[in-house]
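Since the structure comes first, as structure tokens, the remarks are kept for the end.
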Amino acid sequence: MSIQGTTKSASSEVKTLPYRLYSDPAVLTEEMEKIFASSWQFVGHISQVRNAGDFFTCEVAGEPILVIRGKDEELRAFYNVCPHRATKLEKATEGQKKILQCGYHGWTFNLDGSLHRAPNFKDVDDFCAGEACLRSVRLEELASLIFVNLDDNAVPLAASYGDFFDDLGTFSFLGELKKVDSKTRVIKSNWKAFIDNYLECDHCPIAHPGFMATLDMSQYRIIQCENYSIQGTIVKPEKQVGSIELDKAEMQGGRFYWLWPNLMITIYPGPGNMSLIQMVPIDHETTLGVYTYLFRDENLTQEEQDLRVFMEQVRDEDVELVELEQIGFRSRAFQKGKFSPTEHAVLQFHEMVLKALNIEA
Ligand code: FES
Ligand SMILES: [Fe+2]
């Protein structure tokens with residue numbers, strides 16, 4: 001594995017983000033515009049839209065989005081909004097369409113977003129077809145993962161995350177995976193608290209006994225890279241499962257990626273697998289955790305089912321912690337926290353938040 005990054009320590013002199021950034025609704029309003037509406041957001045896996053007409057809908061930075069594969073095989077994203085009178089166009093979360101039709105006045109659209117027919121404008125001479133197309137959104141697909149960005153001027157996806165996609169590309173099974181399941185969980189904490197939690201493992205010995213029993217924590221490393229970080233270790237020899245080639249790469253015990261701002265990707269050893277976690281703000285102190293599981297087949301083997309239970313247990317342990325943290329963020333007791341030397345990836349995240357919001361540390 002060749003990751004260009006750094007494992008530098010955080011200084012205990014440096015303080016965390018001010019807690020008001022976790023408990024102020026005005027901060028979330030700023031974040032929606034300056035962070036979520038201007039960064040690449042994961043929306044789905046290529047297995048969801050393999051054929052012409054396949055589509056799914058989602059929300060990005062509070063905007064309704066439609067992702068659909070055209071008759072020309074091109075994958076596109078649009079605001080899921082009718083140009084006639086703003087009605088949400090496609091109500092289903094996924095499906096197959098030959099043509100898109102608005103349920104209000106019946107306008108129809110081709111799969112490339114162009115207007116097909118506007119029944120109530122038949123005899124109108126100055127009807128401007130250009131304004132009647134669906135409004136497109138930037139979409140890119142890399143390593144079988146589909147991302148959109150509401151910012152038309154955003155840096156392309158590959159260039160936004162250093163050598164992340166090169167590293168991910170070393171897993172040859174990505175294209176063979178399928179989205180097997182997706183779960184959501186409402187978490188009573190600010191979205192940033194869960195990212196903080198994911199980016200350090202100082203809490204692992206206290207909070208995750210199962211994780212500690214499986215992985216060799218003496219080898220645990222966290223590496224900061226450009227707009228992302230990676231952490232991981234090796235599996236304890238007696239716990240190894242599947243066909244792990246021990247001399248092939250480091251971190252065979254699992255790789256835990258974080259991508260700015262709110263996406264976490266985990267790949268565990270054994271048969272091809274990937275799980276994604278997104279933290280989507282509902283309000284300043286409530287977050288929707290979206291968990292997406294990708295495996296080779298819907299019918300999970302016993303080993304894959306065990307892996308899923310293992311992942312969910314670790315996540316539940318983390319959710320309890322961040323909900324307790326939110327109680328303290330609201331308190332007047334302290335204004336900021338401290339970093340340990342091994343919380344440098346959290347520091348990286350905090351520096352990025354401050355920069356995006358244009359706040360002095
Ligand atoms: S709002 Fe969609 S056709 Fe009128
Ligand atoms: Fe954790």
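Order of appearance sets the numbers: ligands from 1, and atoms from 1 within every ligand.
When the options Phe349, Tyr228, Tyr198, Phe164 are evaluated for a ring pair (Phe, Tyr, Trp, His ring centres under 6.0 Å) with Trp258, the one that passes is Phe349. Residue Leu294 is tested with Ile267, Leu276, Val180 for a side-chain contact (heavy atoms from CB on, under 4.5 Å); the sole match is Leu276.
Ring centroids of Tyr161 and Trp40 are separated by 6.0 Å or more, keeping the two rings apart.
At a heavy-atom cutoff of 4.0 Å, ligand 1 is surrounded by Cys82, His84, Arg85, Thr87, Cys102, Tyr104, His105, Gly106, Trp107.
Within the 4.5 Å cutoff, the side chain of Leu150 has heavy atoms near those of the Val60 side chain.
A donor-acceptor pair under 3.5 Å is absent between the side-chain atoms of Ser331 and the main chain of Ile327, judged by distance alone. Between the Glu141 side chain and the Ser144 main chain, a donor and an acceptor come within less than 3.5 Å of each other. Checking side-chain atoms of Asn273 against main-chain N and O of Phe295 turns up no donor-acceptor pair under 3.5 Å.
There is a side-chain donor-acceptor pair under 3.5 Å between Glu312 and Tyr293.
With respect to Arg296 and Glu304, no salt bridge is recorded, no charged nitrogen being found less than 4.0 Å from a carboxylate O.
For the Fe ion (ligand 2), the count of nearby protein N/O/S atoms, taking only those under 2.8 Å, is 4.
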